[in-house]
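Data block below; observations after.
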Amino acid sequence: MSLATTYSPTDVEAKWYQRWQEQGFFKAKPNPRKKPYTVVIPPPNVTGVLHMGHMLNNTIQDVLVRRARMQGKEACWVPGTDHASIATEAKVVALLKEQGISKTDLTREQFLAHAFEWKDKYGGIILEQLKQLGASCDWDRTRFTMEPDLTEAVLRVFVDLYNKGLIYRGVRMVNWDPEGRTAISDEEVIAKDVQAKMYYLKYAVVGQEGQFLTVATSRPETIMADVAVAVNPNDPRYAHLTGAKVRIPLLGREIPVIFDEYVSMDFGTGALKVTPAHDLNDYELGVKHNLPVIDILADNGTLNEKAVLYVGQDRFAARKQIAKDLQEAGLLEKVEEYASIVQTSERTKAVIEPKLSLQWFMNMEQMAKPALDVVENDTVKLHPPKFKNMYRAWMENVRDWCISRQLWWGQQIPAYYLPDGTFVVALTAEDALHKAREQSGNAELQASDLRQDEDVLDTWFSSWLWPISVFDGFKDPDNADINYFYPTNDLVTGPDILFFWVARMIMAGLEYRQEVPFKNVYLTGIVRDAQGRKMSKQLGNSPDPLDLIAQYGADGVRTGMLFSAPAGNDLLYDVKLVEQGRNFSNKLWNAFRLVKGWEADASLPFVNEKAVTWFNAKLQAAIVEMDDHFEKFRMSDALMTIYKLVWDDFCAQYLEMVKPAYQHPIDAETLRHTTAYLETLLKLLHPFMPFITEELWHELAERGPRDYVTVAPWPRASAPANAAETLANMDKALAIVAGIRAVRNQKNLGPNKPLTLVAKTDEPALVTDYEGIIRKLGSISEVSFAEAGPAASVSFVLGGSEFFIPLEGHIDMAAERARLEKELEYAQGFRDSVQKKLGNEKFAQNAKPEVLEKERQKLADAEAKIAALEQALKGL
RNA sequence: GGGGGAUUAGCUCAGCUGGUUCAGAGCAUCUGCCUUACAAGCAGAGGGUCACUGGUUCGAACCCAGUAUCCCCCA
């Protein structure tokens, strides 16, 4: 047999992924004999390519799904993509621009044709990439948020919520993205710290020549939209301005001075210019004081003709220019630097303009309440739970959701305008005509008389229906799939979309299924580089996931990502992690090579009973521990448990214990147990490392046509008799081995130089029962017992026993004495502290009996050890 | 400005109900080994004032108060 000493994943991975698909292992259908286990993928943008965040997120989902599948559940992982309205439209617009085509030259239909063409070409890439990671999605269920069925779901919900009065149309202050030329929701706005300038402008007081009111503003270009200057009524500096008017600098228009306690006296000069069209707070102030609104900004962020000055200039250019002009006019008192915040668009990064605009909104208050309750009472559990607080804060302060977008790529709003300016909301154009005729009383109204709203809906207005719509729960609310697979079990996503998406899915679930959409939400962290910086194209600090898979294997990458990724914590990615993952694959591969190479000889006696029962106890304990970790969504801990079991207990200890001498056969019983253990380990590892485990599963034995580790039953923990004793005894035996090895290292003896061991102990069985193991792992040629150690020997003490290794010519008596004395000193110190504790009356009164018993045991152990050490010193 | 979280070994993090020789794990580091499964490996070792200051308790990494620093969310 010739197996390479290193595992090479490349061919193996492609082969098994294909076989799994051929076998249909990932397909799920309602099965009353099985429990459903459902996960819906957070649909990546169609524009997307796989990045490290997807790798982490989808690895976690796949681990959960694969384990559930092995547990005998009907595991259903629904994949799909999101049409990502604004992001995709921006991408298509940019692409067309490269081809010399401007969006404005196209009709809506032409543009959408281009966009769909683009989507068909690139939209599936990310899903193909997920296959390389090993994602066990049911690909037959792949959905797209803009496909006909899902679009229909969106429209139905819109119509329904409109009819319930939860969706309304109105003029409100919205976040305007001048780059995307669309309104966006509050959640799509990102606040950024910037170093800004504060301009101090002089407003001349009307009728009092030479008197000025100085106003501090960061946006001097908006003075043309000013309708008042506000000061605090309690501010003595401005009391004399009651009823006064001031003149806008440069422009000369007169505006009133108003008094309102809203104005902070400490900020700037205590005088605030009021610009209702371009600031939310100013808008509210304007409404309160009944002031007009002057909107001087065009949709693209340039100044419009209402500005009078700087018309056509971009807002930032105008700011520079007006500062200069004010300076020249002597109306700029000073400019100061100050730390400020600007609101930017999540998608286009453009600086947001607050803008008064006619949009569609959804009332959130009514839906938020039940969605908050289910999280508060743990019907939906957040992992880690610290996110509950954030969730509560958001839900209690939720504002209405602006759902219309001035874009083409997305679901067009099903509102139809009549010639008289009124509108109807209907699922289809025919319905709309029907309603329009009814509403207007004009039976002659034709379809061509109606004009559908130009806007599309926010992308999240389709995503929030995802757990229901992927099972066609709107079109056909009582179908077998939705009844079986909904509610889903676990959702894995990032905390950045807790409000965008998670909260709203809960609302939709409660509204349309009267049931939460999932029971657990696992919130991943952000993948950062080793220095803690976010991964970004600009920094070039993000590895290409597909390169990583090619280099380290999908299994290596998956385990690498999970080694250091507790829920909710950011993952500091370092190539060392995937190296560790790859090394682990290799370790497993070599363990397999060893076992595979063994020849069984049925005539040999079963000599490894101690090792076999010990490893079984270890294995069972590890299964219990893993199940517990999984229960608590501690994925990296579950991985670490199996990692240590495989590497330390199975490879470093167990295999070394049972390994026959080179080119010698092994007894059949041991081989049988060992192979069974290896199979169990493969099962436990499979969710983390699907490819190598499948490969080894098939290499290890002849398998039937449907016998794959992918569908093998998840191991059930059993409780072996006397497990605790088995483990404790082996620990003691291994401590002897460790003692021997430490002596080898100290004395610089090679690992193979045969040594002899002399034991002085009250528990000789601990040595005789494990003598084979001690000999093998310690390279000991002979074990004997004595009342005192040979003169020229190194000794070590374990519990109350003393062990000697005769080493003629290697002994430094002074060093030996010093070492033993140090150990003795520590043991005595420990004994004293325990004695003191036990001597404390209050402790004796208050401590629980178990604790007291343990302390007494500690004292006894310490005294035995001290006695042994004293003996050893005497013997020197 | 409001709210939340964190601070434990060089790094990333566990530490559950206050009590086990409780101060841990992985990685990294150091020393020695190419020992017939694996140098992507083996054996061994070192390394911490549990942020700081008080308090509660027989007993505190853990509970309480305050301080400092960092992170996140919201405004």
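Letters go in sequence order (proteins before strands), and every chain restarts at 1.
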Any N or O donor-acceptor pair linking the side chain of Lys587(A) to the base of C38(B) at under 3.5 Å?
-> yes

Is a donor-acceptor contact shorter than 3.5 angstrom present between the side chain of Arg582(A) and the base of A40(B)?
-> yes

Would you check if the distance from the ring center of Tyr391(A) to the ring center of Trp394(A) is below 6.0 Å?
-> no

State yes or no: are the ring centers of Tyr643(A) and Phe563(A) separated by less than 6.0 Å?
->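 Yes.
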
Quick check for you: among [options], whose closest atom lies nearest to any side-chain atom of [X]?
{"X": "Met640(A)", "options": "A25(B), G5(B), U35(B)", "result": "A25(B)"}
{"X": "Arg593(A)", "options": "C38(B), A40(B), G32(B)", "result": "C38(B)"}
{"X": "Ala742(A)", "options": "U35(B), G44(B), A28(B)", "result": "G44(B)"}
{"X": "Leu572(A)", "options": "G26(B), C38(B), U12(B)", "result": "U12(B)"}
{"X": "Asn745(A)", "options": "C16(B), U31(B), U35(B)", "result": "U31(B)"}
{"X": "Phe843(A)", "options": "G19(B), G44(B), C27(B)", "result": "G19(B)"}
{"X": "Cys651(A)", "options": "C58(B), A37(B), A43(B)", "result": "A37(B)"}
{"X": "Leu594(A)", "options": "A37(B), C58(B), G26(B)", "result": "A37(B)"}

Work out how far the [atom1] atom of [N] is from that of [M], and round it to whole angstrom.
{"N": "C27(B)", "M": "G41(B)", "atom1": "P", "result": "9 Å"}
{"N": "G19(B)", "M": "U36(B)", "atom1": "P", "result": "48 Å"}
{"N": "C34(B)", "M": "A43(B)", "atom1": "P", "result": "15 Å"}
{"N": "G59(B)", "M": "C74(B)", "atom1": "C1'", "result": "42 Å"}
{"N": "C73(B)", "M": "A60(B)", "atom1": "P", "result": "38 Å"}
{"N": "A39(B)", "M": "G47(B)", "atom1": "P", "result": "31 Å"}
{"N": "C64(B)", "M": "U57(B)", "atom1": "C1'", "result": "12 Å"}
{"N": "G66(B)", "M": "G10(B)", "atom1": "P", "result": "30 Å"}

So what's [N] paired with, Watson-Crick or G-U wobble, going by both distances under 3.5 Å?
{"N": "U17(B)", "value": "none"}
{"N": "G1(B)", "value": "C74(B)"}
{"N": "U67(B)", "value": "A51(B)"}
{"N": "G41(B)", "value": "C33(B)"}
{"N": "G59(B)", "value": "none"}
{"N": "A23(B)", "value": "none"}
{"N": "G46(B)", "value": "none"}

Rounded distance (Å) that lies between atom [atom2] of [N] and atom [atom1] of [X]:
{"X": "Ile666(A)", "N": "A37(B)", "atom1": "CD1", "atom2": "P", "value": "12 Å"}
{"X": "Gln653(A)", "N": "G44(B)", "atom1": "CD", "atom2": "C1'", "value": "13 Å"}
{"X": "Trp394(A)", "N": "A75(B)", "atom1": "CH2", "atom2": "P", "value": "11 Å"}
{"X": "Phe499(A)", "N": "C72(B)", "atom1": "CZ", "atom2": "P", "value": "15 Å"}
{"X": "Met561(A)", "N": "U12(B)", "atom1": "CE", "atom2": "P", "value": "17 Å"}
{"X": "Met635(A)", "N": "G26(B)", "atom1": "CE", "atom2": "C1'", "value": "18 Å"}
{"X": "Gln663(A)", "N": "U36(B)", "atom1": "CD", "atom2": "C1'", "value": "8 Å"}
{"X": "Lys747(A)", "N": "C33(B)", "atom1": "NZ", "atom2": "P", "value": "17 Å"}

Only one of Ile497(A), Asp496(A), Leu498(A), Val502(A) forms a side-chain contact (heavy atoms from CB on, under 4.5 Å) with Phe500(A), so which one is it?
->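 That would be Ile497(A).
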
Let me know, please, whether Glu656(A) or Gln580(A) comes out on the 5' side of the other along RNA chain B by nearest nucleotide.
-> Gln580(A)

Residue pair Glu579(A)/Arg528(A) against RNA chain B: nearer the 5' end by closest nucleotide is Glu579(A)

Indicate, with a heavy-atom threshold strictly under 4.0 Å, whether [X] touches base, sugar-phosphate, or nothing.
{"X": "Leu498(A)", "answer": "nothing"}
{"X": "Arg399(A)", "answer": "sugar-phosphate"}
{"X": "Asn586(A)", "answer": "base"}
{"X": "Phe584(A)", "answer": "nothing"}
{"X": "Ala591(A)", "answer": "base"}
{"X": "Arg634(A)", "answer": "sugar-phosphate"}
{"X": "Lys659(A)", "answer": "base"}
{"X": "Trp647(A)", "answer": "sugar-phosphate"}
{"X": "Tyr662(A)", "answer": "base"}
{"X": "Ala530(A)", "answer": "nothing"}

Please say whether more than 12 non-hydrogen atoms of neighbouring residues, nucleotides or ligands are located less than 6.0 Å from CD in Glu365(A).
-> no

Using the ring of each side chain (for Trp, its six-membered ring), is Tyr338(A) parallel, tilted or perpendicular to Phe267(A), with breaks at 30° and 60°?
->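 Aromatic pair Tyr338(A)/Phe267(A) classed perpendicular.
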
Between Asp861(A) and Gln857(A), does a side-chain hydrogen bond (donor to acceptor under 3.5 Å, both in side chains) hold up when you go through it step by step?
-> CA-CA 6 Å; Asp861(A) 290 350; Gln857(A) 186 60 48; 3.0 Å; yes

Within the structure, does a side-chain N or O atom of Tyr7(A) lie under 4.0 Å from either OP1 or OP2 of G41(B)?
->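 Tyr7(A) to G41(B) OP1/OP2: no side-chain N or O under 4.0 Å.
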
Regarding Tyr552(A) and Ser585(A), is there a side-chain donor-to-acceptor distance under 3.5 Å anywhere?
-> no

Between Asn583(A) and Glu579(A), a side-chain donor and acceptor under 3.5 Å | no

Qualifying residue for ring pair (Phe, Tyr, Trp, His ring centres under 6.0 Å) with Phe650(A), from Phe592(A), Phe615(A), Tyr677(A) =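 The option that passes is Phe615(A).
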
